[in-house]
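Shown next, in structure tokens, is the structure this report addresses.
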Amino acid sequence: MKIPQISSRLDKVPASPIRKLVPFASSAKKKGVKVYHLNIGDPDIKTPEVMIEVLKNWTRNPVGYGQSQGEPDFLTSLERYYAKIGFGFIETKDIQVTTGGSEAISMALFAVCEKGDEVIVFEPFYTNYNSYAAVNSVKLVPVGTDGSTGFHLPRKSEIEDKITGKTKAILICNPSNPTGTVYTKEEMDVLIDIAKRHGLFIISDEVYREFVYDGKKHTSILEYMEDMPEQVILLDSLSKRYSLCGARLGMLVSLNRGVMEGVLRIAQGRLSSGLIDQAMAAKLTEVKDSYFEKIHKEYQSRRDVLYKGLKSIPGVFLEKPEGAFYTIVRLPVKNSEHFCQWLLTDFRLNNETVMIAPAAGFYATPGLGGNEVRIAYVLNVRDLTKAIEILKRALVEYKG
Ligand SMILES: Cc1ncc(COP(=O)(O)O)c(C=O)c1O
């Protein structure tokens, strides 16, 4: 009997470092161990009550499909959101609602790349870009950045050196997951100049737009969109902004008509994003500014607690993150993946442990990130303090 082979492309899709240790965490929990989750950006902050009310009052039956581009009410709310943050030129026709920002990443790569084309990324980068690059047969070309400079961009020539005849786009994440870097206006100008000179798309993932600390200013790619309408694509998401990770809603925004018409055809193929999710999210215009002011303050104090706590651990190195809610941390271990697994399988402090993500999967260059982890500061200060204490004690005990 002839047995069918699965595709070799499937083998190229990596496991996510954020989730691959979950079975070890589940097994620890089954034994009654409390696990502090610093491995994933799934905030413990409450979703705005106006959105939860939609769930409580849901009457529409049956729960049918939505529109492929997105539900009209939701699209209008998004148009108003972009106008509120200073980009009134964005109209609903420029927005494609996606099933999470994750789908927007995949659509953008598919929209701009032929099989085998290259996209420049700054390393370390959001690990799931690796997944979607593999799914779309796109090659990510990493440009290294350095922890000692807060992972800011290297010299322009170092970026341009990576451009080949196959390069189609530069993909940035600003503020950055996993580094917390917020690119300056000057850095953005450099990227724009490169994109213009070499005729590249510039794709900016800004799902953490509001999470910028210490009074720093975020320079959105939207500031450049009207000037280069054919080249700019924004990737966005409601997951973090409104603590709506489970609602699975994101957006792809562009003034490039070919891109928008094409991604709509992909969207038609997958029918629609969640109807109930969009009904909840359409309430975003009713979320008070005080909601953001509160969470912004909260994340900044979490960032401060984490930075101070980790800095005090011998052999640990990190830069103060400027935005988002992540940081890359170098640990005094040889193999951070082994350490992360050991925390779940072997280490306990008062029957508690912590889950963090090994950082190698946030790199495309083999061998990098092997002694680093990515930490998400998505827990309240009390839990975060406990988690730091656990890490500190674990590093003393760990023999690896
Ligand atoms: C940088 C970045 N982009 C996109 C996403 C996708 O988020 P979602 O699919 O929940 O919108 C995430 C999630 O963590 C992220 O960190």
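Ligands are counted one by one from 1 in listed order, and the atoms in each one are counted from 1 as well. Computed from a predicted structure; not experimentally measured.
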Where ligand 1 meets [X] - atom numbers and elements under 4.0 angstrom, heavy-atom basis:
X: G100; answer: 9 (O), 11 (O)
X: R248; answer: 8 (P), 9 (O), 10 (O)
X: S237; answer: 8 (P), 11 (O)
X: N177; answer: 1 (C), 15 (C), 16 (O)

Kindly indicate whether a cation-pi arrangement holds for R303 with Y377, taking the cut-offs as under 6.0 Å to the six-membered ring centre and within 45° of the axis. no
Which residue holds the protein heavy atom closest to atom 14 (O) of ligand 1, what is that atom called, and what is the gap in Å? K240 NZ, 2.8 Å
Nearest non-hydrogen protein atom to atom 6 (C) of ligand 1, with distance, is S102 OG, 3.4 Å
Is a side-chain donor or acceptor of E123 paired with a backbone partner of T365 at a separation under 3.5 angstrom? yes
On a heavy-atom basis, the closest approach of S68 and R270 is O-NH1, 3.3 Å
Just going by heavy-atom distances, which of I105, D205, L238 is nearest to atom 1 (C) of ligand 1? D205
Looking only at non-hydrogen atoms, the one of Y126, Y132, F125 nearest atom 12 (C) of ligand 1 is Y126
Determine whether the side chains of R19 and N39 contain a donor N or O and an acceptor N or O closer than 3.5 Å. no
Return yes if a side-chain donor-acceptor contact under 3.5 Å exists between E352 and Y36, otherwise no. yes
If you measure every N or O of [X] against every N or O of ligand 1, does any of those distances drop under 3.5 Å?
X: Y129; answer: no
X: Y208; answer: yes
X: L249; answer: no

C173 near ligand 1 by a heavy-atom separation under 4.0 Å: yes
Under a 4.0 Å N-O cut-off, is there an ion pair linking K196 with D227? yes
Tell me whether K166 is salt-bridged to E114, with the criterion being a basic N under 4.0 Å from an acidic carboxylate O. no
Can you tell me how far the CZ atom of F347 sits from the CZ atom of R393, to the nearest 0.5 Å? 7.0 Å
